[in-house]
Amino acid sequence: YGCLFIWSIRVLIPSGQSLTLPFHVEPRNIVDDDPQKRISAEAAILNSRVHYYGRLTASSDMLLSPPNHVIPLNEELYVYSPLGTAFKVPDGDSASKNPSIVTIFAIWNTMMGTSILSIPWGIKQSGFTLGILILILTGLLMLYCCYIVIKSPKAIPNEDTSSWEFPDVCRFYFGKTGQWSSLLFSMVSLIGAMVVYWVLMSNFLYNTGQGIQSTISVVYLIVLVTIKAVRLGFHLEFHWLDTSQFFVPEFRQFFPNFTGILTLAFFIHNCIITLMKSNKNQDNNVRDLSVAYLLVGLTYLYVGVLIFAAFPSPPLYKDCIEPNFLDNFPSSDVLVFVARFLLLFQMITVYPLLGYLVRVQIMGQLFGNHYPSFLHILILNIFIVGTGVAMAMFYPNIGSIIRYSGAICGLALVFLFPALVHMMSLRQDGRLSWPSAFFHSFLIVLGLANVIAQVFM
């Protein structure tokens, strides 16, 4: 079609500033679903008027700028070429939106993290049957609390909440205390993730260095699990209450370890509002969120169940499953080496991003500036990296790190604040019932019990 040109005019808006807008001309045809579609006669008349005013605005008198009623509507804006072909100008908001499938996989990809490496260990700590039940129930509770977070800004009357995040909602209901508390617990989740990343990077780098001469190809983690399960076969015996030599009971008292891990494994509550804003059809938010949680839950179930079932017992004990199940395989295992290498590369690339998120949130709230000075950033980075190095040296148990950070941040951002916000919103509308108040109070008790249980287990 040759070069495309966009004609523009300046419009004087009430504030006195000029606004540049594209306008259209009468084309021979439009490149759209219907190439023979014609521009309306009204649009053509408006185009002539815009041309007229465009000539007048060559002078310095801004009073001669075209009035608002002359400017074409959004649905009548086109980009055209001198050959007479016009292209419809898409709406800016809809052009930046994502279809449901993209939103679902964005949530899935964001939620999936290092916690997947500890799912088999969590199932071992809970018992096979109880572990599966806990995974399903925890996923459902996390989904419901995430749903509360999504709809919380829309429940606030007489406020423009289009750009609000959940800390803003907490500030609205609880003042500065709610805002700073939500920020603090959000930092716990981010810094906890960075500590886990540092421990795993140290682990993977050590094991990769031991087997650097056997790299064959890239193997995805789920493919690795599938191959190992096919090769090893299933080794299961069901002991409901008693303990056997090689197997664990179906119900164990250490199940709170798994609830702490799953709280972080299903945690996306501090950024779900941002992710959902880009969804093209906002009416599908609940459905898309539910599908994403279903995919994450199925992935965790797949990895956890296969690794636990395929763990060779006998001769090994099921209780030997490590918090990072890759540690159960030797460094010379080629497939595991590739998995470690890929995870190492992923964490090296993601770690600076997590550090940036921590810096932006902390410095922005404390100093009102994302980069107050080099010294501020240096001290923050030394603290974060030093914490990771210390944990990697003295307590490299990612299962415990994940469960502690998951339970602590989950208490505030998953159970406490969403439940309180929801009850206060219902109370303002006069719709708070005793069953609803009891259920959401029970959620808060569950979050508190989850934190307490991590200390004693």
Side-chain angles (χ1 to χ4, degrees), residues 104-105 107-140 142-143 193 196-197 199-200 203-204 207 218-236 248 250 255 257-268 291-313 316 318-329 333-347 350 397-403 406:
I104 291 171
F105 280 97
I107 298 172
W108 187 16
N109 183 60
T110 304
M111 205 184 309
M112 296 290 296
T114 55
S115 301
I116 193 173
L117 299 176
S118 296
I119 298 296
W121 179 76
I123 293 179
K124 181 260 295 185
Q125 293 293 92
S126 305
F128 185 68
T129 301
L130 182 59
I132 294 176
L133 293 176
I134 288 178
L135 194 153
I136 296 173
L137 292 176
T138 304
L140 291 175
M142 297 287 286
L143 169 61
V196 172
Y197 272 36
V199 173
L200 287 176
N203 178 288
F204 293 156
N207 286 283
V218 175
V219 180
Y220 188 56
L221 186 61
I222 296 180
V223 176
L224 168 68
V225 171
T226 305
I227 293 175
K228 292 299 181 182
V230 171
R231 289 182 177 179
L232 296 174
F234 285 174
H235 304 269
L236 287 175
V248 296
E250 298 303 301
F255 69 89
N257 294 344
F258 198 26
T259 60
I261 290 174
L262 290 175
T263 305
L264 192 62
F266 286 108
F267 181 74
I268 198 175
V291 173
Y293 262 87
L294 175 63
L295 292 176
V296 172
L298 290 176
T299 304
Y300 288 153
L301 273 175
Y302 185 82
V303 173
V305 169
L306 282 189
I307 290 296
F308 182 88
F311 195 79
S313 301
L316 300 178
K318 292 288 187 184
D319 220 18
C320 294
I321 297 177
E322 295 286 344
N324 173 11
F325 75 84
L326 293 180
D327 289 342
N328 287 113
F329 299 96
D333 190 308
V334 176
L335 298 180
V336 176
F337 163 77
V338 174
R340 287 192 176 110
F341 180 81
L342 292 177
L343 289 170
L344 174 64
F345 179 77
Q346 176 192 8
M347 292 173 188
V350 174
N397 188 328
I398 67 166
S400 296
I401 299 173
I402 290 175
R403 67 185 180 93

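Count residues from 1 along the sequence. Keep in mind that the numbers below use all heavy atoms, side chains included, and drop hydrogens, waters and symmetry copies.
- Distance alone, capped at 3.5 Å, places no donor-acceptor pair between the Asn324 side chain and the Leu117 backbone.
- The salt bridge (charged side-chain N to carboxylate O under 4.0 Å, His left out) contacts involving residues 112-121 comprise nothing, where partners must be two or more places apart or lie in separate chains.
- Taking CG of Asn397 as the start and CH2 of Trp121 as the end, the distance is 6.0 Å to the nearest 0.5 Å.
- For Phe311, the ring pair (Phe, Tyr, Trp, His ring centres under 6.0 Å) criterion is met by no residue, not counting sequence neighbours.
- For residues 224-236, every residue pair satisfying the salt bridge (charged side-chain N to carboxylate O under 4.0 Å, His left out) rule, not counting sequence neighbours, is listed here: Lys228-Asp333.
- With contacts defined as side-chain heavy-atom distances shorter than 4.5 Å, the pair Phe258/Thr138 does not qualify.
- Here the OH atom belonging to Tyr302 is positioned 2.5 Å from the OG1 atom belonging to Thr226, to the nearest 0.5 angstrom.
- Looking at Ile123 and Ile119, their side chains come closer than 4.5 Å, going by heavy atoms from C-beta outward.
- With hydrogens and angles ignored, the 3.5 Å screen pairs a side-chain donor or acceptor of Asn328 with a backbone N or O of Cys320.
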Ignoring hydrogens and angles, write down the donor-acceptor pairs under 3.5 Å from the side chains of residues 124-137, residues two or more places apart or on other chains.
residue: Ser126; atom: OG; partner: Gly122; partner atom: O; Å: 3.1
residue: Thr129; atom: OG1; partner: Glu250; partner atom: OE1; Å: 2.6

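- Applying the salt bridge (charged side-chain N to carboxylate O under 4.0 Å, His left out) test to pairs two or more places apart or on separate chains, none has a residue in residues 294-305.
- Annotation: salt bridge (charged side-chain N to carboxylate O under 4.0 Å, His left out) contacts involving residues 294-312, sequence neighbours excluded, are absent.
- Between Phe105 and Trp108, the ring planes lie tilted relative to each other; the angle falls in the 30° to 60° range.
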